[in-house]
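To find a chain, count down the sequence lines: A is the first, B the second, and so on, and within it residues start at 1. All heavy atoms count here, side chains included; hydrogens, waters and symmetry mates do not.
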There are 2 protein chains.
Amino acid sequence: MTTDSLTKALDAAEAHCVERGEKLTPVRKRVLELVLEADGPVKAYDLLEALKPGPGSAKPPTVYRALDFLMTAGLVHKVEALNAFVGCSHTHDHDEHGGGAELFICSDCGAVEERHGAPLPMNAPAGFTIQRSVVEHFGQCANCHPG
Amino acid sequence: MTTDSLTKALDAAEAHCVERGEKLTPVRKRVLELVLEADGPVKAYDLLEALKPGPGSAKPPTVYRALDFLMTAGLVHKVEALNAFVGCSHTHDHDEHGGGAELFICSDCGAVEERHGAPLPMNAPAGFTIQRSVVEHFGQCANCHPG
DNA sequence: AATCCGAATGTTATAATATCACGCCTCAAA
DNA sequence: TTTGAGGCGTGATATTATAACATTCGGATT
């Protein structure tokens, strides 16, 4: 992500929070920035390291709270299979297409693509009501193919 | 799961391992039994507790090794979003339909339904080759509906 | 201005999940 | 019988995450 588009994304995120009556505080903004800057999924404790060039502050709850906030706001997704986090690339201009994102994660370069509008559960058991879905695909992106 | 069908499942699992040139050792069999007995997804450290009524033996590596073996053999799945494990209900009579299972997990009663034959990624980015998919749906099963 | 309130954050500690590294044992193949 | 691989025991430690409580800060109310 370029510096320019990063700035734009942060501004958009801030606007998105304000719209929701919430605040993108400095800690939250910094965590989001770090997540967006990263090449791929980021670990919570790597964020923690990045947050404390100075001695004091930045303990685990700091980063987990920020991540919880950002996830609730839809700005960040957790990759459950990796215990790691990715920035949400999807614009929140006119939200609500329901379910969670479908993630495609390149095991070689770490690139993450996000898709929405789950065409998924043709397959659900009779009477099952889905509240939340986790869909994560791992493999090689177009740039990383051996062929 | 009834005692009878549990026994059958364990026998089938044993046969499945032998077919693959591997051994369902006592520890592995006991872990599988505990996973199958459980009502829903089981945590590794709960298995660990269950494994040590006696004082000595049963440290984390014991259970994680057994789980790794059982997962590789396709007898157990990990629920990534819960850091928990479920028995694979699917028969291995004539295997190989490729990708991982699609799990439907009732948040109320813990029941897990497993589906196969991924109808999934209508949606993949161009050129993306999927190696492994994690698909986990959470919600209410037919028995647990409020309505 | 003084006070209060609630949200956000700081801080300490600990819980929960998972792996590493090493050594021993057993069993079967050579 | 030697030997080698797989499985397991054991102790230590790494990684991921939360609980519980204190403090600060900014806005609303008086």
Query raised in the report: Between atom CG in A:L48 and atom P in D:dA14, what is the gap in whole Å?
Result: 16 Å

**Report entry** Partners meeting side chain to side chain donor-acceptor pair (under 3.5 Å) with B:R65 (sequence neighbours left out)
**Finding:** none

Query raised in the report: A:R28 CZ to C:dA8 C1': how many Å, rounded?
Result: 7 Å

Query - Value rounded to 0.5 Å, distance of NZ in B:K59 from CG in B:L51 - result: 12.0 Å

Query - Rounded distance in Å - NZ (A:K29) to C1' (C:dA8) - result: 17 Å

Report task. Please determine if a side-chain N or O atom of A:T62 lies less than 4.0 Å away from the OP1 or OP2 oxygen of C:dG10. Result -> yes

Requested in this report: Would you mind telling me which of A:L67, A:L48, A:T25, A:V42 makes a side-chain contact (heavy atoms from CB on, under 4.5 Å) with A:V31?
Outcome: A:L67

Report task. Round to the nearest Å and state the distance from A:L47 atom CG to D:dT16 atom P. Result -> 11 Å

Requested in this report: For residues B:N123 and A:H137, determine if any side-chain heavy atom of one lies less than 4.5 Å from a side-chain heavy atom of the other.
Outcome: no

Requested in this report: Carefully, step by step, assess B:L70 and B:L24 under the rule side-chain contact (heavy atoms from CB on, under 4.5 Å).
Outcome: CA-CA 9 Å; B:L70 294 168; B:L24 191 63; 4.0 Å; yes

Query raised in the report: Parallel, tilted or perpendicular for B:H77 and B:H116, by the 30°/60° rule?
Result: tilted

Query raised in the report: How does each nucleotide of nucleotides 12-30 of chain C score, in 5' to 3' order, for protein heavy atoms under 4.0 Å: base (B), sugar-phosphate only (S), or none (-)?
Result: B----BBBBB---------

**Report entry** Atom-pair distance (CG on B:L51; P on D:dT10), nearest Å
**Finding:** 13 Å

